[in-house]
Amino acid sequence: MARLIYVPVLHSMAEMGAAAPAYKAAFIARHGAAKWAERCAAFDAIWRSIAEAIKALRLDLPRVKLYQDSLPVCDKERELVTDLAAQGSPNHQLLESLMRGGATLMGTESPALLVDEYKLMQSPDRTDAKASALLDARDRFIAERIDQTLGEAEVGVLFIGALHRVARFLPARIKVDYVAIRSDLPHGQEQPGM
């Protein structure tokens, strides 16, 4: 039986790209610089906890495949991860660390569906129903990709945004375990919502 470690993630400012400065400015204007600092500290604590939880699993990294939210199936997966890691994404820095240990990075998402999502986010015709349908399509593609690439004796680690529900589309041959995040984070900082 194959095993998938499901890691719900929060996206970093580095992953927001050109939208990051506007998001930060709007947040500070609404909540203040002190709240921004608190949010950043909580975000960092969550990522430290995720890294510690994965390390505690003592995975045999050469038998591990890494799947990442918004990482298209293409010929440039490693370069995309390296670029975001260099920009400060703790998610992508963790991926790099796991790859250095021997884990294999896998393209995870349909490039066409990612483009569709970008267009929908920019569209004045965006509705919750359209966004939900597109998220379902992405989740189905991710599940199919994992099913096609994760061997019976392998372990996959899926880093995926909290709104996704990929596990419901996975076949029974893949046992899903959820990473345990430390519960000793300060109250109210478990999900800073970045």
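Side-chain atoms are counted along with the backbone in the values below, which use heavy atoms only and exclude waters and symmetry mates. In this text, all values refer to a predicted model and were calculated from it rather than measured experimentally.
- In the hydrophobic clustering of ILVMFWY residues, with side-chain heavy atoms under 4.5 Å counting as a link, Trp47 and Met99 come out together.
- Contact detail for Ala53 and Val179: the closest heavy-atom pair is CB-CG2, 3.4 Å.
- Under a 4.5 Å side-chain heavy-atom criterion applied to ILVMFWY residues, the cluster that includes Met121 comprises that residue alone.
- Legend: residues meeting side chain to side chain donor-acceptor pair (under 3.5 Å) with Gln148, ordered by chain and number and at least two apart, are Glu144.
- The distance from the CZ atom of Arg145 to the CG atom of Leu150 is 11.0 Å, given to the nearest 0.5 Å.
- Under the 4.5 Å side-chain criterion, counting only non-hydrogen atoms from C-beta, Ile50 is not in contact with Asn91.
- Linking Ile, Leu, Val, Met, Phe, Trp and Tyr residues whenever their side-chain heavy atoms come within less than 4.5 Å places Ile174 and Met106 in a single cluster.
- Think of Leu114 as one node in a network of Ile, Leu, Val, Met, Phe, Trp and Tyr side chains linked at under 4.5 Å; it has no links at all.
- Between the CG atom in Leu105 and the NE2 atom in His92 there is a gap of 8.5 Å [rounded to 0.5 Å].
- Applying the side chain to side chain donor-acceptor pair (under 3.5 Å) test to Asp116 and every residue at least two apart in sequence or in another chain returns nothing.
- Under the side chain to side chain donor-acceptor pair (under 3.5 Å) criterion, Thr149 pairs with Tyr67, sequence neighbours left out.
- Two residues are said to be in side-chain contact when any heavy atoms from C-beta on lie closer than 4.5 Å; Val9 and Ile160 fail this criterion.
- Considering only heavy atoms from C-beta on, Leu71 comes within 4.5 Å of Leu80 through its side chain.
- Atom CD of Gln93 and atom CG of Leu98 lie 12.0 Å apart (nearest 0.5 Å).
- The nearest pair of heavy atoms linking Pro72 to Pro111 is CB-CG, 4.0 Å.
- Listed by chain and number, the hydrophobic cluster partners of Val115 come to none, as no ILVMFWY side chain reaches under 4.5 Å of it.
- Without hydrogens or angle criteria, Ser123 side chain to Lys119 main chain gives no donor-acceptor distance under 3.5 Å.
- Every residue was checked against the ring-ring contact (aromatic ring centres under 6.0 Å, His included) condition with Phe169, not counting sequence neighbours, and none meets it.
- A heavy-atom distance below 4.5 Å is found between the side chains of Leu95 and Gln68.
- No side-chain heavy atom of Ile5 sits less than 4.5 Å from a side-chain heavy atom of Leu158.
- Separating the CG atom in Asp44 from the OG atom in Ser49 is a distance of 12.5 Å, to the nearest 0.5 Å.
- Side chain of Arg63 to main chain of Ala153: a donor-acceptor pair is present (N/O by atom type, distance under 3.5 Å, no hydrogens or angles).
- Between the CD1 atom in Ile142 and the OG atom in Ser70 there is a gap of 8.0 Å [rounded to 0.5 Å].
- Pairs passing the ring pair (Phe, Tyr, Trp, His ring centres under 6.0 Å) check and including a residue from residues 115-162, sequence neighbours excluded, do not occur.
- Sorted by first and then second residue, the salt bridge (charged side-chain N to carboxylate O under 4.0 Å, His left out) pairs involving residues 152-179 (not counting sequence neighbours) are Arg3-Asp177, Lys65-Glu154, Asp136-Arg168, Asp147-Arg173, Glu152-Arg173, Lys175-Asp177.
- The closest side-chain heavy-atom distance from Phe27 to Arg39 is below 4.5 Å.
- With a 6.0 Å radius and a threshold of 12 heavy atoms from other residues, nucleotides or ligands, Arg140 has its CZ atom at or below the threshold.
- With contacts defined as side-chain heavy-atom distances shorter than 4.5 Å, the pair Leu135/Leu163 qualifies.
- Residues in residues 95-113 take part in these salt bridge (charged side-chain N to carboxylate O under 4.0 Å, His left out) pairs, two or more places apart or across chains: Glu109-Arg138.
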Run the side-chain contact (heavy atoms from CB on, under 4.5 Å) check on Ile46 and Arg48 step by step: do they pass? CA-CA 5 Å; Ile46 288 169; Arg48 279 192 306 276; over 6 Å; no

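- Here the closest heavy-atom approach between residue Asp69 and residue Gly161 is recorded as OD2-N, 2.8 Å.
- Side-chain contact between Val155 and Leu4 is absent, with no heavy atoms from C-beta onward closer than 4.5 Å.
- Listed by chain and residue number, nothing satisfies the salt bridge (Lys or Arg N to Asp or Glu O under 4.0 Å) test with Lys55 (two or more places apart in sequence, or in another chain).
- When all heavy atoms of Val64 and Leu66 are compared, the closest pair comes out as CG1-CD2, 3.9 Å.
- No donor-acceptor pair closer than 3.5 Å links the side chain of Ser89 to the backbone N or O of Gln87.
- Judged as a salt bridge (Lys or Arg N to Asp or Glu O under 4.0 Å), and not counting sequence neighbours, the contacts of Arg126 are Asp128.
- For Lys35, the NZ atom is loosely surrounded, since the number of other residues' heavy atoms within 6.0 Å does not exceed 12.
- Tyr6 places a side-chain N or O within donor-acceptor distance of the main-chain N or O of Val166, the cut-off being under 3.5 Å.
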